[in-house]
**Q** 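Quick one: the structure is below, questions incoming.
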Amino acid sequence: ISMEGPEIGDLALLIGGLLFVLGYQSKGVKINRHTGFKTPWSMNDEENWNYTNRIGGQLMMANGLIIVIFSNYFTYTFILMVLTGVILPMYLSYRFDKNKKNNQK
């Protein structure tokens with residue numbers, strides 16, 4: 001870190017490390033209104049909650065590692081993180097709910 005202030009690569013290392021730790025922690029979170037991947041479908045079903053948070057946590061950990069490894073390309077890895085770390089778990093939660101309802105018919 002330079003004396004002039006942090007550079008984008010330094011911030012990428014910090015954000016990537018934080019994502020990894022948060023992803024690791026989110027895998028064991030019980031249903032609550034404050035932390036975890038909260039979707040309408042996962043909040044109503046504990047099995048969906050566990051699935052969504054397990055997958056979302058793994059994706060977040062992977063994204064954290066990718067950001068750390070490719071910290072010089074932070075802009076591109078940040079876009080990847082948003083797509084796979086936020087949108088994909090929401091979609092998977094929705095699909096889990098639909099599949100479960102279809103199997104109950």
Side-chain angles (χ1 to χ4, degrees):
I1 298 178
S2 68
M3 296 302 287
E4 298 173 6
E7 295 185 16
I8 194 74
D10 299 330
L11 293 175
L13 292 173
L14 181 65
I15 290 171
L18 181 63
L19 284 175
F20 186 86
V21 170
L22 290 174
Y24 182 79
Q25 293 294 324
S26 74
K27 294 190 294 182
V29 172
K30 301 293 182 207
I31 293 179
N32 66 77
R33 300 238 176 246
H34 305 290
T35 60
F37 292 90
K38 299 178 292 292
T39 66
W41 313 285
S42 68
M43 293 298 289
N44 293 325
D45 180 15
E46 187 173 357
E47 190 178 2
N48 189 326
W49 173 271
N50 292 333
Y51 170 78
T52 303
N53 280 277
R54 186 181 73 247
I55 297 296
Q58 291 171 349
L59 289 169
M60 193 178 289
M61 288 172 59
N63 287 327
L65 286 176
I66 290 169
I67 288 173
V68 167
I69 293 168
F70 298 104
S71 60
N72 293 334
Y73 306 101
F74 179 65
T75 302
Y76 303 114
T77 56
F78 184 76
I79 292 169
L80 173 71
M81 188 266 315
V82 169
L83 291 176
T84 61
V86 176
I87 295 171
L88 187 59
M90 289 180 68
Y91 173 74
L92 292 173
S93 178
Y94 171 75
R95 292 300 310 155
F96 187 93
D97 185 63
K98 282 292 226 194
N99 288 340
K100 189 171 184 177
K101 286 180 181 175
N102 287 339
N103 289 337
Q104 290 177 351
K105 290 182 179 181

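In this text, all values refer to a predicted model and were calculated from it rather than measured experimentally. Start at 1 with the first residue, then count along the sequence.
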**Q** Please give me the minimum heavy-atom distance between Met43 and Arg33, naming the atom from each residue.
**A** CE-NH1, 3.2 Å
**Q** About how many Å separate CH2 of Trp41 and CE of Met90, when rounded to the nearest 0.5 Å?
**A** 6.0 Å
**Q** Heavy atoms only: give me the nearest Glu46-Ile31 pair and the separation to one decimal.
**A** CA-CD1, 3.6 Å
**Q** What closest approach, in Å, do Lys38 and Thr35 show between heavy atoms, and which atom pair accounts for it?
**A** NZ-N, 4.0 Å
**Q** Are there over 12 heavy-atom neighbours, none belonging to Lys100, within less than 6.0 Å of that residue's NZ?
**A** yes
**Q** Are the side chain of Trp49 and the backbone N or O of Val29 linked by a donor-acceptor pair below 3.5 Å?
**A** yes
**Q** For the residue pair Asp97 and Lys101, establish whether any side-chain heavy-atom pair is separated by less than 4.5 Å.
**A** yes
**Q** Which pair of non-hydrogen atoms, one from Thr52 and one from Pro89, has the smallest distance, and what is that distance?
**A** CG2-O, 3.8 Å
**Q** Where does the angle between the aromatic ring planes of Phe96 and Tyr51 fall among parallel (under 30°), tilted (30 to 60°) and perpendicular (over 60°)?
**A** parallel
**Q** How far does CD of Gln25 sit from NZ of Lys27, to the nearest 0.5 angstrom?
**A** 9.5 Å
**Q** Return the CG to CG distance between Leu88 and Asn63, rounded to the nearest 0.5 Å.
**A** 9.5 Å
**Q** Are Ile67 and Leu18 co-members of a hydrophobic cluster defined by side-chain heavy atoms under 4.5 Å apart?
**A** yes
**Q** Could you tell me the separation between the CD1 atom of Ile87 and the CG atom of Leu92, rounded to the nearest 0.5 Å?
**A** 12.0 Å
**Q** Do Ile69 and Leu13 sit in one hydrophobic cluster, given that two such residues count as connected whenever their side-chain heavy atoms are within less than 4.5 Å of each other, even indirectly?
**A** no
**Q** Could you tell me the separation between the CD1 atom of Ile15 and the CG atom of Asp10, rounded to the nearest 0.5 Å?
**A** 11.0 Å
**Q** Applying a strict under-4.5 Å side-chain criterion to I, L, V, M, F, W and Y, I'd like to know whether Ile55 and Tyr91 cluster together.
**A** yes
**Q** Would you say Thr39 and Ser93 are linked by a side-chain donor-acceptor pair, where the criterion is simply a distance under 3.5 Å?
**A** yes
**Q** If hydrophobic clusters are built by linking Ile, Leu, Val, Met, Phe, Trp and Tyr wherever their side-chain heavy atoms come under 4.5 Å apart, do Phe37 and Leu22 end up in the same one?
**A** yes
